[in-house]
S.K.: 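What follows is a single structure, and I will ask about it in a moment.
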Amino acid sequence: MNFIEEIVEKDLQERKNNGRIQTRFPPEPNGYLHIGHVKAICMDFGIAEKYNGVCNLRFDDTNPVKEDVEYVDSITQDIAWLGFKWGKIYYASDYFEQLYNLAIRFIKEGKAYVDEQTAEQIAAQKGTPTEAGQNSPYRDRSIEENLRLFEAMQAGEIPDGKMVLRAKIDMANPNMHFRDPIMYRIITTHPHHRTGRRWNVYPMYDFAHGQSDYFEGVTHSICTLEFVVHRPLYDYFIDQFAGDNFAGLSPYGPDYRPHQYEFNRLNITYTVMSKRKMLQLVQEGLVAGWDDPRMPTVCGLRRRGYTAGAIRSFIDKIGYTKVEGMIDLGLLEHTIREELKEQAPRVCAIFDPVKLVITNYPENGGEIITAENIDGKPELGTREMPFGRELWIERGDFLEEADKNFYRLSPMGREVRLKSAYIIQATGCDKDADGNVTTVYATYDPDSKSGTEGGNRKTKATINWVESGSAIDAEVRLYDRLFAVENPSADERDFRELLNPDSLKVTTAKVESALAGVEKQDHFQFLKQGYFVVDDDSKPEHLIFNRTASLKDNWLK
RNA sequence: UGCUUAGUGGUGUAAUGGUAGCACUACAGAUUCUGGUUCUGUCUGUCUGGGUUCGAGUCCUGGCUAAGCAACCA
């Protein structure tokens, strides 16, 4: 149980809010969801699910300059793909009318004023974390003038940037957010994706979020640590209005009060978790798009071959605390391997092929071998592998002069098993002028077929193969970590200089004919290579596989 | 020099005054028709000084360190 769940259970015990549990996931529709958001999603939806409550989706769409419907659609799709069910879909823009009225009321109570200074002047006056700020010269306008100007702002009579509405709190407050925070600014240059040109003023996050929670009846407003310093302001605005129940706007009675709680956000090594940086990577063509398999976005992870179950399991493993840390990318990879090893059919794919000729196999012979998709799991089915005199094997599986650490195919070596087929012994090879092996020769034991009595003989090594006449050429995209350094965000260099130049290698492999009919999102283990998924752009005549994760390999040492 | 938050093995996370545990990583061995998997084992930890207590990772107190906060972003 994490510390948020402890808070919830305590609240439940004390019958706070009559035992009602309501959370919300509040994305801003200005980018695609990434795995950091998934951590928040698992929290928000998880709490609601576990404690018999509801989690609503609320788009925090208070800034039309950055937001777009494109993102609303992708966000809902991603959440659905992850397997979460929201109660209702709300938008902060649903409350623009109420929020505007609250602002008017605030002005009438002498708690807000219209400031005509430039953004630079306001910033300069704000002071620093260690020095108090100065009052604005416009701070003590009359209520009537404030009212008139704010209405003029909304009427479209004031150009963008010329005026803002500020709360009159305390320019000397040690919490910078209390130094007369801006409540409303003018935006006329961009129509809002839902309200169009209806509004010329838009509320800031601090004036919108808590009130939106209140309108909806949210009990636990859970967010990440950077909002800790905003919490006093969240409480402040609600306190100002909750006295008379927001003039009757809450259906939950006078004792109801939403509370904000914060947990540590997710950081993962060798990646970035900033929407701004991701947008830059996309816009500058440094990746193929938001769903590039190297991206930490939900759609990128999906295209990489991560399953919703594995992603949720990963979030479950890392937990929730208030300690800011950095998760090993290795843990994420471990989680997808853990899932795929149970369900991904094994197939042979030869990445660096060299011809193997079995000299004592009949010249025009051939046969079909039936192999289990996963050894020892007959319930997952079988596949057919054509076998013949000429095969493709991995170049690295043959060494003309082997040392004792190499126990695969070699004329000097021992017998070797062809996976699911026969036991062979290398006899020699052909080489080109440069000394590269062009063909390997071997003899086989016809009585050693897998599954027969003669096949029970032990071999030290088993190698992969694909029959040359039936092999299919497939494009394989070998993905690796996006960045070359562990923590790109902490590096003084521009993050774009830190990209891993080997994050994608495209190559061709000879794959089994059984893969002819694969469909998008099918998962496989290419034996000894790694886990691969069929790419969204794959076609029957041009198969494309993305490497989800490599297999662990202890041999290189 | 302010406010806020936080310090448990390499990483993440438990222990709610009573044997510092789990997962990942690393290493070693066994098993294996994947140099994968599986199994077994090993290494490594309570930021620090003082105090309370029979007993402190936990409570009190001083210090140290780190992160966040000065968008008309969320």
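Numbered from 1 within each chain, the chains take letters A, B, ... in sequence-line order.
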S.K.: What's the shortest heavy-atom distance between A/Ile393 and A/Ile463, and which atoms?
M.R.: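 Result for this residue pair: CG2-CD1, 4.2 Å.
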S.K.: I'd like to check the side-chain contact (heavy atoms from CB on, under 4.5 Å) partners of A/Cys223; sequence neighbours left out, ordered by chain and number.
M.R.: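 Testing A/Cys223 for side-chain contact (heavy atoms from CB on, under 4.5 Å), a comparison that skips the adjacent residues, returns A/Phe227, A/Gln260, A/Glu262.
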S.K.: List for me each residue that meets salt bridge (Lys or Arg N to Asp or Glu O under 4.0 Å) alongside A/Asp61, sequence neighbours excluded, and say none if there are none.
M.R.: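 A/Asp61: no salt bridge (Lys or Arg N to Asp or Glu O under 4.0 Å) contacts found.
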S.K.: Could you tell me whether the phosphate oxygens of B/U25, OP1 or OP2, come under 4.0 Å of any side-chain nitrogen or oxygen in A/Lys552?
M.R.: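 For B/U25, OP1/OP2 do have a side-chain N/O of A/Lys552 under 4.0 Å.
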S.K.: Between A/Glu28 and A/Lys66, does at least one N-O distance fall below 4.0 Å, as a salt bridge requires?
M.R.: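 A/Lys66 and A/Glu28: not salt-bridged.
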S.K.: May I ask you to decide whether A/Asp375 forms a salt bridge with A/Lys419, counting only side-chain N to carboxylate O separations under 4.0 Å?
M.R.: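 Answer for the salt bridge query: yes.
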S.K.: In chain order, what residues pass the salt bridge (Lys or Arg N to Asp or Glu O under 4.0 Å) check against A/Arg414, with sequence neighbours excluded?
M.R.: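 Once residues adjacent in sequence are excluded, A/Arg414 has no partner under the salt bridge (Lys or Arg N to Asp or Glu O under 4.0 Å) criterion.
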S.K.: Work out which heavy atom in A/Val354 is nearest to a heavy atom in A/Arg395; give both atom names and the distance.
M.R.: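 Taking every non-hydrogen atom into account, CG1-CA, 3.8 Å.
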S.K.: How does protein contact run along nucleotides 68-74 of chain B, one letter per nucleotide 5' to 3', with B for base contact, S for sugar-phosphate only, - for none, heavy atoms under 4.0 Å?
M.R.: BSBSBSB
S.K.: Just to be sure I understand the geometry, which residues of residues 331-341 of chain A put a non-hydrogen atom under 4.0 Å away from RNA chain B?
M.R.: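 Of all residues in residues 331-341 of chain A, the ones placing a heavy atom under 4.0 Å from RNA chain B are A/Leu331, A/His334, A/Lys341.
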S.K.: Which string of ( ) [ ] | and . matches RNA chain B, if you list each base 5' to 3' and count Watson-Crick or G-U pairs only when both distances are under 3.5 Å?
M.R.: .((((((..((((....[..)))).(((((.......)))))....(((((..]....))))))))))).....
S.K.: OP1 or OP2 of B/U13 sitting under 4.0 Å from any side-chain N/O of A/Asn264?
M.R.: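 Checking B/U13 against A/Asn264, a side-chain N or O does come within under 4.0 Å of OP1 or OP2.
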S.K.: Taking only N and O in the side chain of A/Asn554, is any of them less than 4.0 Å away from OP1 or OP2 of B/G36?
M.R.: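 Yes.
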S.K.: Looking at A/Arg346 and A/Glu372, is there a salt bridge between them, counting it only when a charged N and a carboxylate O are closer than 4.0 Å?
M.R.: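 So A/Glu372 does not pair with A/Arg346 through a salt bridge.
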S.K.: Using the side-chain heavy atoms of A/Asp328, tell me which of these nucleotides is nearest: B/A6, B/U32, B/G10.
M.R.: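 Output: B/G10.
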S.K.: Does a salt bridge link A/Glu5 with A/Lys50, judged by any charged N lying under 4.0 Å from a carboxylate O?
M.R.: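 Salt bridge present between A/Glu5 and A/Lys50.
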